[in-house]
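One is the number of the first residue; the rest follow in order along the sequence.
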Amino acid sequence: MAVDLTPGPVAAELAERTARFVRETVLPVEERHRGVSTEAIRRELQRAAREAGILAPHVAPEFGGHGLDMRDRAFVFEAAGYSLLGPLALNIAAPDEGNMHMLEAIATPEQKERRLRPLAAGDVRSCFAMTEPAPGAGSDPSALTTRAERVPGGWRIDGRKWFVTGADGAAFAIVMARTSGTPGDAGGATMFLVEATNPGMKIVRHIDTLDESLFGGHLELFFDGCLVPENAVLGEVDEGFRHARVRLGPARTTHCMRWLGIARRAQDIAVARATSRELFGSRLADLGMAQQMIADNEIDIAAAHGLILQACADLDRGGSGAQSTSIAKTFCAEAVWRVVDRSLQICGSLGVSGDALLGRFLREVRPFRIYDGPSETHRWAIARRVVRRHETATAR
């Protein structure tokens, strides 16, 4: 089936407004604060986005958004991603964006009112606690070791999580815990909604990382006799891995959209430098090696955009999108790195300096090759699906 490479009329207009909002409102703030936000900055930017009518465009209109499908999100999210602070301003940054998507899909009406509505409005933030220190869940979610046991009136959660993005200041966490089976089993997980004020959920530390723009940091959490009521279960008991897939493919793809915006920004910075910088008797833009880097950037950006739209089409048709989202995530994570790296190289000493944000972009995009599944894990999964498809076809 052909993939439509153009946005719908609503998304096209929204993407244009978003691009203008980012240029006029967000970029000056980003440049002043080097892409690092505070709670006051977050609230001010989101207030401005709300007034501009572009806040949380992915959620349904009943929760204050525009109800964009995945394809239309690609254009708006990429426009927001042109700045490190753009996704935060529109309330489409990780992990809140993915959590909103999942809550809208599987939460009860009461959970939507209590959790999704204030989250979509930017009144609160959230986090998603699945990754664990080794030997626990990471690239292999089935290695999940955190456990939840039934107790009178609800559940008791015990375990340790780390790289819980946005946990500092989050109002609640969505916690994945094993409710049956043992580590290595493909099933037996359940998701729980845990209040940040729960005394059984303790912050261990902030993890020092390359990246700084994901708001609320990356934290290690310890669950020690964390008691939650029965209505804290999100979805059904023992169906957590299945429900997490509702979030997984779209979240991978929206990460690609946002970081592609930064790749376009890096390319624009590099091209502006190449057309104004003169050396060896000509503009840098007229020298062959610089032209090759500029061209290769365009190729990577165009290819990434196409793969994102293919993944979006698969998801919008109701498919799992497992193969297409893995392909898009692997290619985009590496392509965005290449684009930023080439752009920095074109800018030379300016690129390395603090006068441009390219060095900062480079640090921000490098972890993307690990977050949401390392490139190696995705390649392994992609290859397995191809081999299975071949074996199925030849067995007929």
For the residue pair [X] and [Y], would you count it as a cation-pi contact if the rule is NZ or CZ under 6.0 angstrom from the ring centre and within 45 degrees of the ring axis?
| X | Y | answer |
| --- | --- | --- |
| Arg125 | Phe215 | no |
| Arg265 | Phe361 | no |
| Arg338 | Phe331 | yes |

Mark yes or no for whether [X], through its side chain, and [Y], through its backbone, hold a donor-acceptor pair below 3.5 Å.
| X | Y | value |
| --- | --- | --- |
| Lys112 | Glu104 | yes |
| Asp300 | Asn297 | no |
| His378 | Asp372 | yes |
| Glu30 | Leu84 | yes |
| Glu132 | Thr146 | yes |

message: Other residues, nucleotides and ligands only: do more than 12 of their heavy atoms fall within 6.0 Å of CD on Glu334?
response: yes
message: Can you confirm whether more than 12 heavy atoms, excluding those of Gln292, are under 6.0 Å from its CD atom?
response: no
Rounded to the nearest 0.5 Å, what separates atom [atom1] in [X] from atom [atom2] in [Y]?
| X | Y | atom1 | atom2 | value |
| --- | --- | --- | --- | --- |
| Gln323 | Thr325 | CD | OG1 | 8.5 Å |
| Arg385 | Thr392 | CZ | OG1 | 13.5 Å |
| Thr38 | Glu44 | OG1 | CD | 10.5 Å |
| Gln111 | Phe172 | CD | CZ | 9.5 Å |
| Arg178 | Asp185 | CZ | CG | 5.5 Å |

His305 and Phe75 aromatic ring geometry - parallel, tilted or perpendicular at 30°/60° bounds: perpendicular
- prompt: Who are the ring-ring contact (aromatic ring centres under 6.0 Å, His included) partners of Phe192, not counting sequence neighbours?
  reply: Trp155
message: Quick check: His255 with Phe77 (ring centres under 6.0 Å apart)?
response: no
- line: Residue pairs passing the side chain to side chain donor-acceptor pair (under 3.5 Å) test with at least one member in residues 354-363, sequence neighbours excluded, are Arg360-Glu364
query: Is the shortest heavy-atom distance from the side chain of Phe63 to the side chain of Met100 under 4.5 Å?
result: no
message: Checking Glu62 now: which residues fulfil salt bridge (Lys or Arg N to Asp or Glu O under 4.0 Å) with it, not counting sequence neighbours?
response: none
- line: When Asn99, Val59, Asn91 are each screened for side-chain contact (heavy atoms from CB on, under 4.5 Å) with Leu119, the one that passes is Asn99
